[in-house]
Structures are given as structure tokens and as C-alpha cells.
2 protein chains.
Amino acid sequence: MSGGTKGLIAAEARRQFMAAGYAATSVRGVAGAAGIDPALVIRHFGSKEQLFLETVDVEGPFAPALEGPLSGMGERLVALVLDERMSNVLRTPYRAMIRATDSVAVRERLVAAMEATLARPLAARLDGPDATLRAHLVAAQVGGLLEALVTLEDPAVVDADPADVARYYGAAVSTLLTPPPG
Amino acid sequence: MSGGTKGLIAAEARRQFMAAGYAATSVRGVAGAAGIDPALVIRHFGSKEQLFLETVDVEGPFAPALEGPLSGMGERLVALVLDERMSNVLRTPYRAMIRATDSVAVRERLVAAMEATLARPLAARLDGPDATLRAHLVAAQVGGLLEALVTLEDPAVVDADPADVARYYGAAVSTLLTPPPG
DNA sequence: GTCTATACTGCGATAGAC
DNA sequence: GTCTATCGCAGTATAGAC
């Protein structure tokens, strides 16, 4: 992924996919910016879809939040999502991938990434019944926050005080972390 | 929206956008299925984007869940989202619109629809501080469930017992409906 | 073995003739 | 109002030059 032409194409493609999204990024535009021929992109990656899959991926940065006590984990997870410094590894690729979920490969990749970095390690930490389902529902909540914040840019959430969001939404997430009563 | 050629185009466009999504639906394909010329579609609607905006919309069917007591409202909201009978008014157009959020007009439309049918009426029902923010965070939770269920088709959620999902996720939603302690 | 040149098909959109 | 012709751009495949 480094020095060669293929690495150059990959770097440029990643930049454009993240900045402009899948539809608005063209194979020809990537080739032009990389100073090579469009056909070469296909030669190296097979298709535009494959180029996307090989250059854009989320690396759920949830590990720090999943360590430590269950108490407060909801707030820690939400704070990570809100952390601007996680934009390049979480928010931006998440948005790009959501908007490209016409492709089954893309959505399977996204589901797998969220499961591997969030749902599965979280399920291992949960007590009580239906730990797997509850962990996946936590992932759904995290996805919902990302959607409101990054995909839809809902002003009511974007302009809110992050501390308030972390407190309220974190409390709601925590509901699924503790075993249900009864 | 009925008899004329424009209505015929609209009906066919709606069908294809909902079934195949924005990118996979072509103006030419809609025209072909409607038995008319592609140029007519643009003549009547101006652009493919405008055609989408005028034919696809979510009608949040949340009103029934928002009536009645706050107690149990979370479960009622989630049950509505899970209700297969709401597919044509909620799930399917929601997925189509999410996947078309490259367009600012589409995402503004979706945010507005969720606010008008869910966040705003809900905020009016909430006690305690930050009612508006909490209502929008509920909308984010609902969006997260729709995303997992419909956009990403996460098997862990799709294949789960809807009663379990309503119970767990509904409880998490309810956390935001009751005034925070302290 | 890389890369370029060229071409094929289908797209959204426009201009102008019936 | 409707269709014809056409434009520019997209993704992709192939042939062959270095």
C-alpha cells in the first residue's frame, strides 16, 4: 500500500472517497489526480467498488471504552463517538460506507467491522440473558448517533453540548449494559 | 399525482426508487417502464434528484405511539418500527433516503420528516430539562434501529425475536423519556 | 510486467423539431 | 406536450507500446 503506483492510486482514492463520497468520486478523477491513466485503476483494483473496499474502512476505536468497569461505559462509548479526533477513523469512513450501502459487500464489511470492534467484545463483558443481542443493540444505538451526527447532520444534535449528549445518550446506552430487572 | 403522464412517471419512479435505490434507478429505466421518452421525465421533473424528492418520502407513523402514557412509550415506538406493515411508509423509504444522503436536499428532507413526526411532538410531551435534545436523541435511537434492521440488515438484529428487541431497545429509549435523576 | 491509447455502452441532461 | 438527436461524462475492456 506504499510506494508503488498501486499505493499512489489507493492513497488518492481514499482521500477522494472520504471527502466526496462514493458516487461523487470517479475513477477518472482519481486517475487524473494520481497522474496516471484511468484504465490502470481498473487494472490494479478490478472495479470501482473493489477500489472502495480496499481503501476505505472503519477502525472502530472503541477498545479504550470497553475496558474498565461497566459503570460509565455508556458515557465513555458516546464520548468516543463525539470525539473529533476520531473523525478520520470512525466518522468519515462510517458516513462514506453508509452512503455506499447499495453494495452488499460494503454493508457486510461495515456490519463486520462494528461487530468485531464493538458488539463482540462488548457481549463478552455483559451479564444476564441475551448478551449478544443486547451488545448488537448497543451497536445500533452507536450507529444511530453516528447517523444523526455525521450522516444526517441533524442540527439539534450537532449543535448540542457534547457533554449533554454524552450524559443523556450514554445513560440510554447503559440501560442495555446492565442485566434487565425481573 | 394521478392520471396524467406526470403521475404515471411518478408512480413508476417511486416503485423503482423504493425497490432498487437511487443509484441503481435510471431515468431511462423509469421512462422505459412507463412507456415514454426519457427526456419527458426531465422535462416534467427537472432532474433525477428532483424526481426522487417528489416521489419518495417517509411518513413517520409514530403518532399512535406518541399518544398515551409516557410509560411504555419506548416499547410502543420500537414495536412500530419493527411492524412489517409499516415497511412501505417507513422502512423502505427510509433506506432509500439514507442511501441518497449524498444530496443535501434529501438529508434535509429526512431530518425534517423525522423532526415533524417524531422529535417535535415527542418534545412537547417530555418533562424535565433539555426536552428538545432528548427528543432528538430518541429520534437518533429510532434511526439507529432502522439502520441496523433495514439499511445494514445486521443478522443479529434482523433474526432476533421482535418481542425481545422491543423490550430491550424500548427500555433504552424510555431512559430518555423520563426526566434524568439528580 | 507496467502502463497508455482507444473504444464500447449507458448515464443524466439539453436543444430544438413536430 | 412529446419525441429526436446529441452532448459530455461515467465505468470498464482490450490491444498493444515501452
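All of these numbers come straight from a predicted model, not from anything done at the bench. Numbered from 1 within each chain, the chains take letters A, B, ... in sequence-line order.
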(request) Please report the closest heavy-atom contact between A:E12 and A:A34, naming both atoms and the distance. (result) CG-N, 4.3 Å
(message) Output the rounded distance in Å from CG (A:D102) to P (D:dG11).
(response) 15 Å
(message) Just N and O in the side chain of A:T5: are any of them under 4.0 Å from OP1 or OP2 of C:dC3?
(response) yes
(request) Determine the interplanar angle of the B:F52 and B:F17 rings, folded into 0 to 90°, and report it as parallel if under 30°, tilted if 30 to 60°, perpendicular if over 60°. (result) perpendicular
(request) Grab the CG-C1' distance between A:L40 and D:dG16 for me, whole Å please. (result) 15 Å
(message) From the set C:dC3, D:dT2, D:dT12, return the single nucleotide nearest to any side-chain atom of B:R43.
(response) D:dT2
(message) For C:dT2 and A:H44 - does any side-chain N or O of the residue sit under 4.0 Å from the phosphate oxygens OP1/OP2?
(response) no
(request) Between A:R28 and B:K48, name the one whose nearest nucleotide on DNA chain C is closer to the 5' end. (result) A:R28
(request) Return the value, rounded to whole Å, for the distance between atom CD of A:E49 and atom P of D:dT12. (result) 9 Å
(message) Would you compute the distance between atom CE of A:M18 and atom OG1 of A:T25 and round it to the nearest 0.5 angstrom?
(response) 11.5 Å
(message) Measure CD1/A:I42 against P/C:dT4 and give the value in whole Å, please.
(response) 14 Å
(message) By nearest atom, which of the nucleotides C:dA15, D:dA13, D:dA10 is closest to the A:S26 side chain?
(response) D:dA10
(request) Calculate the interatomic distance between B:L51 atom CG and C:dG12 atom P; express it in whole Å. (result) 10 Å
(message) Expressed as a whole number of angstroms, how long is the span from B:Y22:OH to C:dC11:P?
(response) 14 Å
(request) Please determine, for the side chain of B:D37, which listed nucleotide (D:dT12, C:dC3, D:dC3) has the closest atom? (result) D:dC3
(message) Measure CD1/B:I9 against C1'/C:dA13 and give the value in whole Å, please.
(response) 15 Å
(request) Measure the distance from CZ on A:F52 to P on D:dA10 and round it to the nearest whole Å. (result) 18 Å
(message) Can you tell me how far apart CG (B:L51) and CD1 (B:I9) are? Round to the nearest 0.5 Å.
(response) 8.0 Å
(request) Decide yes or no for A:R125 and A:L66: does some side-chain heavy atom of the first lie under 4.5 Å from some side-chain heavy atom of the second? (result) no
